A.B. asks: 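One structure, as structure tokens, below. Some questions next.
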Amino acid sequence: MAKNLLIVESPAKAKTIEGYLGKDFTVKSSYGHIRDLVKSEDAIDIKNNFEQRYEVPADKKQVVSELKKLAKEADMVWLASDEDREGEAISWHLFDTLNLKDATTKRIVFHEITKPAILRAIDNPRKIDYNLVNAQQARRVLDRLVGFELSPVLWKKVKPSLSAGRVQSVAVRLIVDREREVNKFKSEAAFKIVAIFGKGKNAFKAELAERFTQQGDAETFLQDCAKAVFDIKSLDTRPTKRSPAAPFTTSTLQQEASRKLGYSVARTMQVAQRLYEAGHITYMRTDSVNLSDTAIAAAASEIVSAWGDKYHQSRKYKTKNASAQEAHEAIRPTYFNNHTINGESGEKRLYELIWKRAIASQMSEAQFEKTVAKIGISTRKEDLTANGEVMKFDGFLKVYLESNDDEEDNQTADGENAILPPLTKGQLLDLQEMTATERFSRPPARYTEASLVKKLEELGIGRPSTYAPTISTIQNRGYVVKEEREGRVRNFRVLTLKNENITKEEKSENTGAERGKLFPTDIGAVVNDFLVQHFQGIVDFNFTASVEKQFDEIAQGLQDWTKMIRTFYDPFHKDVQSTIETADKATGERELGVHPESGKKMSVRIGRYGPFVQVGESATEENEEKPLYASLRTGQSIETISLEEALELFKLPKVVGEFEGKPMKVAIGRFGPYISHNSAFVSLPKEIDPLDVTEEQAIELIEAKRKKDAERLIKSFPEDETVKVLNGRWGPYIEFGKLNVKIPKDITDPLTLTFEQCKALADAMPKDAKKGRFGKARAAPAAKAAPAKKKAPAKKAVAKKK
DNA sequence: CAGTGAGCGAGCTTCCGCTTGACTT
């Protein structure tokens, strides 16, 4: 039996370290935290110095009992969790839970998983740092108090099951604020002047720095240029350089994988996890840009052997982020000589990105020669400017170029890297063409998942391990949606000067189209406004930063954690209580105006089933007339919907005629406009406006759908006409009433299916798990359904008594 | 994929950070 038990947080790490340490050490993992606050309200004893009640969650029981057993048998237990607040707390929880003894327990730390680093750590053990543990407890207690007091306020004042927290509520606020900036934004048009000089290989572009807001001014400029002589007024050539970016942290990896590979932050983390577990990369949840000395040396030898000494430059990076805890290395390949790996294509691509970024970070800078030519115009006092750039040495650009957040900027940057022909001062230039193009100022960009992570990191909010889950949470709660939105067509004017002739034309472009951007929902906006109004301090962008400062003081032993929490909690709790007592229910209600025909009040707000328009006052005892209601459609918001758009909502659903003795109704559902007829549905093609569907069109569409369905039909049953075997997009399936049933793999020929078999398969389908691809997230209401069923007979019993 | 928008009211929801699996369609 090994004399030493060493415990780290991650099992993959444990495996590596075990290889370094030999027989005397058993290396095990705690799988992160092993204890957490109990779920119930008495987790924190507020009156008694915020004393906490912890428990080992069910999924950690086995880990804990195994560690307990091993600890008992070992002579010495080495607590080697990460060197940060959470890691220190994990060590303390282990110490406490496993009943360890001071004399036979040592705390060690390392920032990199290399043999020398581990051995050095073992030679320098210390005790558990209780100041650091206290700082973690303060963090944990504060987050629980905020989350579990704020969320119930929302259940009362907005809607059940909502949530609020120090991190997620600020994330939502960023998105709501940004959306409002976009909506408020007024685009301004101005004419941009671009000239092309020279012919063929010697052609180059020059631009005017100023822009003209009036078309007349742009035209005058072109007219003046028609007769002008152009000459090189000045030439300025100077060397410039560009340096490589630091190796990846979690946040920069997420950003770059989003831009270059189109991955969501969750996908990036999943793929990175697999690379880590396969031993290809170092730990992927890190805020450090630091590389170990062995890694720097390995990168150096790789660079020198591949491209020579000239391309190598050893660099150490420092984090700019004050909140970084730097318990790990930056994300890098474990072996730099593996330029690529075996694996699934997603893994390969992410690995190569990580490899290139890490390698490039140890390479020489790229060198350029940048030329700025000022071009004089004989008839005007302004100058045109031509920029040219020639790469003299590629350096790190041989392997890696960091991309930019702003795609449109990259497009307009084409003039930047252009190569200028040989030019001399005083040289006269031959104008080929000059254009004045109307350009529009752009609103601030909506957040993508990755750019939101970047912003949160800048604000010091959240940690590498929580970025991806936070992004999921705010979407799962319905505060935010990731969506594509269609743009609209916009016209712009172009004036062209060619051969001393000015022509004008109007062109059109698509603008405002968005892909994979985060939009706030109505509920997200209402919750945000409610929190901003009543809990300003918590959703303040600096709240985390200011509590972090205090956690740091606690960690240094300069402040008592219970006093800090007390100072925060008492006024906060007061706010919670007064809000519960005095605040109105938040519905986001907004008056739209009056109905043009009836003169009744029109308003929008959020109801039980989502946002809707109401025409007329709500029914009361005096006012017996019921108002009319209509739900808003996908993409519409109570904040921006107009009276006209609201009126449109009442035009549907409408009956457009009769077919086979049953009415045909046009409506708009979750998947767009459709016709319903005799409990069958037909989607409307995009080119047909749902408001002017004719009876003939509707019949035609229904018949076409029937014909198509008949072609897909493999088998039907005389026992029940609603049961069919059909050919679907992914192969055959059974349609059992409204339920779609998958055919099990052992049935190779669907023609052999009997009615009884179909029925059995349908019965075997879990009742609540039929909706959506993400059954797991939706499966929660199952718990809800159970007590409701229990209640039902009780109600009946009461009814019978009556 | 429809319509629903009163209230009754039990028991439920919820935080942030550390870690991996176990799961469908």
Side-chain angles (χ1 to χ4, degrees), chain A residues 8-13 29-37 39 41 43 59-60 63 81-82 84-87 89-90 93 136 139-155 159-169 273 276-277 283 285 327 461-467 469-470 473 477 544 587 605-614 618-619 626-631 653 665 667-676 679 681-683 730 733 738 740 742 766 769-781 783-784 786-788 790-791 794-795:
Chain A
V8 292
E9 293 182 34
S10 149
K13 230 187 248 182
S29 149
S30 73
Y31 292 80
H33 272 294
I34 53 148
R35 284 205 302 200
D36 193 14
L37 291 172
K39 285 263 176 248
E41 273 190 6
D59 58 332
K60 289 291 166 64
V63 180
S81 47
D82 298 345
D84 56 20
R85 213 158 56 199
E86 298 298 327
I90 288 174
H93 280 302
Q136 191 274 346
R139 200 279 305 155
R140 182 68 190 91
V141 167
L142 179 115
D143 282 335
R144 168 58 69 86
L145 290 173
V146 168
F148 276 39
E149 294 217 4
L150 234 38
S151 301
V153 180
L154 296 180
W155 305 343
K159 206 175 107 169
S161 303
L162 295 175
S163 66
R166 174 177 58 84
V167 172
Q168 58 169 283
S169 297
Q273 177 84 31
Y276 168 66
E277 281 168 16
Y283 196 56
R285 290 185 276 263
I461 299 172
R463 303 280 312 133
S465 68
T466 61
Y467 295 138
T470 300
T473 300
R477 294 271 175 278
T544 291
T587 62
R605 67 174 188 275
I606 294 185
R608 248 198 306 169
Y609 309 106
F612 68 100
V613 191
Q614 176 173 339
S618 299
K626 277 195 175 172
L628 286 173
Y629 302 102
S631 294
K665 204 194 269 178
I668 295 192
R670 256 201 313 150
F671 309 128
Y674 65 91
I675 302 169
S676 65
S679 74
F681 300 95
V682 189
S683 298
W730 297 291
Y733 67 97
K738 285 190 173 181
N740 286 352
K742 210 172 131 184
K770 58 181 181 244
K771 290 245 158 122
R773 278 161 50 82
F774 306 100
K776 220 179 175 183
R778 306 257 167 184
K784 247 184 189 174
K790 269 185 207 160
K791 258 225 97 185
K795 256 189 184 171

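Residue numbering restarts at 1 for every chain, and letters A, B, ... go by the order of the sequence lines. On a predicted model such as this, the values are computed, not experimentally measured, just so you know.
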A.B. asks: What is the separation between atom CZ on A:R85 and atom P on B:dT19, rounded to the nearest whole Å?
C.D. replies: 14 Å
A.B. asks: Is there ring stacking between A:Y609 and B:dG5, where the centres must be under 5.5 angstrom apart and the planes under 30 degrees?
C.D. replies: no
A.B. asks: Would A:D82 and A:K13 pass as an ion pair if we require N to O under 4.0 Å?
C.D. replies: yes
A.B. asks: If a protein heavy atom is under 4.0 Å from the base, mark B; if only from the sugar-phosphate, S; if neither, -; do that for nucleotides 13-18 of chain B going 5' to 3'.
C.D. replies: BBBBBB
A.B. asks: In whole Å, what separates the P atom of B:dT19 from that of B:dC23?
C.D. replies: 23 Å
A.B. asks: Roughly how many Å apart are B:dT13 and B:dG9, using the C1' atom of each and rounding to a whole number?
C.D. replies: 16 Å
A.B. asks: Find which nucleotide of DNA chain B each of A:V682 and A:D59 is nearest to by heavy atoms, and output the residue with the more 5' nucleotide.
C.D. replies: A:V682
A.B. asks: Closer than 4.0 Å, any side-chain N/O of A:S631 to the OP1 or OP2 of B:dG3?
C.D. replies: no
A.B. asks: How would you list, by chain and number, every residue that makes a salt bridge (charged side-chain N to carboxylate O under 4.0 Å, His left out) with A:E9, sequence neighbours excluded?
C.D. replies: none
A.B. asks: Checking all strands, does A:P653 fall into the base, sugar-phosphate, or nothing category for heavy-atom contacts under 4.0 angstrom?
C.D. replies: sugar-phosphate
A.B. asks: For residues A:S163 and A:L154, report the shortest heavy-atom separation together with the two atoms involved.
C.D. replies: O-CD1, 3.6 Å
A.B. asks: Give the dot-bracket line for DNA chain B from 5' end to 3' end: parentheses for intra-strand Watson-Crick or G-U pairs under 3.5 Å, square brackets for crossings, | for inter-strand pairing, dots for unpaired.
C.D. replies: .........................
A.B. asks: Would a distance-only check, ignoring hydrogens and angles, find a side-chain to backbone donor-acceptor pair under 3.5 Å from A:S683 to A:Y674?
C.D. replies: no
A.B. asks: Spell out, as yes or no, whether a donor-acceptor pair under 3.5 Å connects the side chain of A:T466 to the backbone of A:G462.
C.D. replies: no
A.B. asks: My understanding is that only residues two or more places apart in sequence, or in another chain, count here; which of them pass side-chain hydrogen bond (donor to acceptor under 3.5 Å, both in side chains) with A:D84?
C.D. replies: none
A.B. asks: Could you pull out the closest heavy-atom pair between A:I90 and A:S30, with the gap in Å?
C.D. replies: CG2-OG, 3.9 Å
A.B. asks: For A:F681 and B:dC1, do the ring centres fall under 5.5 Å apart while the planes stay under 30° apart?
C.D. replies: yes
A.B. asks: Taking ring pair (Phe, Tyr, Trp, His ring centres under 6.0 Å) as the test, write out the residues that go with A:F148, two or more places apart.
C.D. replies: none
A.B. asks: Name all residues meeting the ring pair (Phe, Tyr, Trp, His ring centres under 6.0 Å) criterion together with A:Y276; count only those two or more places apart in sequence or in a different chain, and write none if there are none.
C.D. replies: A:Y283
